[in-house]
Visitor: 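One structure, as structure tokens, below. Some questions next.
As a basis for the values below, the full set of heavy atoms in this structure was taken, side chains included, without hydrogen atoms, waters or symmetry mates.
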Amino acid sequence: GMKHYLEARALVQQAAQDSGNRRIGPKEKIAVRRAIELTDPSESLIRQLCLQPHHPRAIDVVVQASEAGKTAVNEAFACSMRLRDIPLMDRMVALGADIDAPMPMHEGEIALCQTIYSRNFDAFERLLEAGADTTRHCRDGTAIPTLLRRLQEHDRDNAPKMQSLLERLQASTQTSG
């Protein structure tokens, strides 16, 4: 319950503070693993931290201590979308996040589509640079260029930005095909 979550969060915050900007050491790893154990198994600690205010490095610390490996990285990647946290996203991409996989935290949407829906255009561009598959379809079957065009019609403020992203998409599909 909530009591366990607060205890878990306190352990993680402390580990994040103690480790500063370096990778966590054995002492912090033990504390964070204890925090992971305290958390209700159906609700991952990363997901819970993502939904609540937390230390800026808390999620990185859980990823480093977690034995869930790629699952933890993918979850932290999905969280970076929710928080619009580009540095966290970049770190998870560098750790091998599956940037084309459906994200449970976003009802099974893929990252490129999620960034368009949330108008997180910086993240969209970063995903393109990281090699995200632009031929993938969104959860509802919409192609990515179609989604951009559709939103362009309804969102005059962001229309120029979406136009430049569409042009980038066209340029990238011509070079890769």
Visitor: Does Leu166 reach the side chain of Gln163, with side-chain heavy atoms less than 4.5 Å apart?
Guide: yes
Visitor: Does Ile99 share a hydrophobic cluster with Met103, counting links as ILVMFWY side-chain heavy atoms below 4.5 Å and allowing steps through other members?
Guide: yes
Visitor: Could you report the tightest heavy-atom contact between Ser66 and Ala72, atom names first, then the distance?
Guide: OG-CB, 3.6 Å
Visitor: Can you confirm whether the side chains of Gln17 and Gln13 place a donor and an acceptor under 3.5 Å from each other?
Guide: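 The answer is no; no qualifying pair exists.
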Visitor: Between Arg84 and Ser118, what is the shortest heavy-atom contact and its length?
Guide: NH1-O, 2.6 Å
Visitor: Can you get from Phe124 to Tyr117 by hopping between Ile, Leu, Val, Met, Phe, Trp and Tyr side chains that sit under 4.5 Å apart?
Guide: yes
Visitor: Please lay out, stage by stage, how Tyr5 and Gln52 fare under the test side chain to side chain contact (heavy atoms under 4.5 Å, CB included).
Guide: CA-CA 11 Å; Tyr5 169 69; Gln52 309 279 344; 3.4 Å; yes
Visitor: Ignoring hydrogens and geometry beyond distance, is a side-chain donor-acceptor pair present between Glu28 and Ser19 at under 3.5 Å?
Guide: no
Visitor: If you round to the nearest 0.5 Å, how far is CE of Met92 from OG of Ser80?
Guide: 8.0 Å
Visitor: Between His106 and Ala78, which heavy-atom pair has the shortest distance, and what is it?
Guide: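 Closest pair (atom of His106, atom of Ala78, distance): NE2-O, 2.9 Å.
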Visitor: Is there a side-chain contact between Met81 and Leu127 in this structure, where contact means two heavy atoms from C-beta onward sitting under 4.5 Å apart?
Guide: yes
Visitor: Can you list the steps and then say if Cys113 with Arg139 is a side chain to side chain contact (heavy atoms under 4.5 Å, CB included)?
Guide: CA-CA 8 Å; Cys113 301; Arg139 191 184 58 162; over 6 Å; no
Visitor: Shortest non-hydrogen contact from Leu112 to Asp133?
Guide: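 Where Leu112 meets Asp133 most closely, the heavy atoms are CD1-O, 3.7 Å.
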Visitor: Check the hydrophobic clustering (I, L, V, M, F, W, Y; side-chain heavy atoms under 4.5 Å; chains of links allowed) and say if Ile36 and Leu6 are grouped together.
Guide: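 Same cluster.
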Visitor: Going by heavy atoms in the side chains, are Leu45 and Leu38 under 4.5 Å from each other?
Guide: no
Visitor: Looking at side-chain heavy atoms only, is the closest gap between Ile110 and Asp100 below 4.5 Å?
Guide: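 No; the side chains remain at least 4.5 Å from each other.
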Visitor: So how far is it from Gln114 CD to Glu107 CD, rounded to the nearest 0.5 Å?
Guide: 8.0 Å
Visitor: Should the pair Asp98-Lys70 be classified as a salt bridge under the 4.0 Å nitrogen-to-oxygen rule?
Guide: no
Visitor: List the atom pairs, with distances to 0.1 Å, where a side-chain N or O of residues 141-151 and a protein N or O form a donor-acceptor pair under 3.5 Å, not counting sequence neighbours.
Guide:
from   : atom 1 : to     : atom 2 : distance (Å)
Thr142 : OG1    : Asp140 : OD1    : 2.6
Thr142 : OG1    : Asp140 : OD2    : 3.2

Visitor: Salt-bridge test for Arg119 and Asp157: reply yes if a basic N is under 4.0 Å from a carboxylate O, no otherwise.
Guide: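 Between Asp157 and Arg119 there is no salt bridge, as every charged N stays at least 4.0 Å from the carboxylate O atoms.
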Visitor: Please report the interatomic distance CG(Asn158) to CD1(Ile116), rounded to the nearest 0.5 Å.
Guide: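 Going from the CG atom of Asn158 to the CD1 atom of Ile116 covers 12.0 Å.
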Visitor: For Gly20, is there any backbone N or O sitting under 3.5 Å from a side-chain donor or acceptor partner on Arg57?
Guide: yes
Visitor: Apply side chain to side chain contact (heavy atoms under 4.5 Å, CB included) to Asp60 and Ile24, showing your working.
Guide: CA-CA 9 Å; Asp60 291 272; Ile24 59 170; over 6 Å; no
Visitor: Do you reckon Val73 sits in the same ILVMFWY cluster as Ile46, going by side-chain contacts under 4.5 Å, direct or chained?
Guide: yes
Visitor: Going through the distances and angles, do Leu83 and His54 end up as a side chain to side chain contact (heavy atoms under 4.5 Å, CB included)?
Guide: CA-CA 11 Å; Leu83 301 175; His54 57 268; 3.7 Å; yes
Visitor: First locate atom NE2 of His55, then atom CD of Gln14, and finally report the distance between them rounded to the nearest 0.5 Å.
Guide: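 If we round to the nearest 0.5 Å, His55:NE2 and Gln14:CD are 9.5 Å apart.
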Visitor: Find out whether Leu88 and Arg91 are in side-chain contact, i.e. whether some heavy atom of one side chain is under 4.5 Å from a heavy atom of the other.
Guide: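 The answer is yes, as the side chains (C-beta and beyond) meet within the 4.5 Å cut-off.
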Visitor: Measure the spacing between CG of Leu165 and CD of Glu167 and express it to the nearest 0.5 Å.
Guide: 9.5 Å
Visitor: Are Leu128 and Leu169 side-chain neighbours, meaning at least one heavy-atom pair lies under 4.5 Å?
Guide: yes
Visitor: Please check if Ile86 and Leu49 belong to a single hydrophobic cluster, counting links between Ile, Leu, Val, Met, Phe, Trp and Tyr side chain heavy atoms closer than 4.5 Å.
Guide: no
Visitor: Please check if atom NE2 in His4 has more than 12 non-hydrogen atoms from other residues, nucleotides or ligands closer than 6.0 Å.
Guide: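 Atom NE2 in His4 is not crowded, with 12 or fewer foreign heavy atoms closer than 6.0 Å.
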Visitor: Less than 4.5 Å apart, side chain to side chain, heavy atoms only: is that true for Leu51 and Arg82?
Guide: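 Leu51 vs Arg82: side chains touch.
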Visitor: Is any side-chain heavy atom of Val63 closer than 4.5 Å to a side-chain heavy atom of Phe77?
Guide: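 They are not in side-chain contact.
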Visitor: Can you name the closest pair of heavy atoms from Thr39 and Ser44 and give their distance?
Guide: CG2-C, 4.1 Å
Visitor: Check Gln152 against Ala159 and note the closest heavy-atom contact, atom names and distance.
Guide: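 Minimum heavy-atom separation between Gln152 and Ala159: NE2-O, 3.4 Å.
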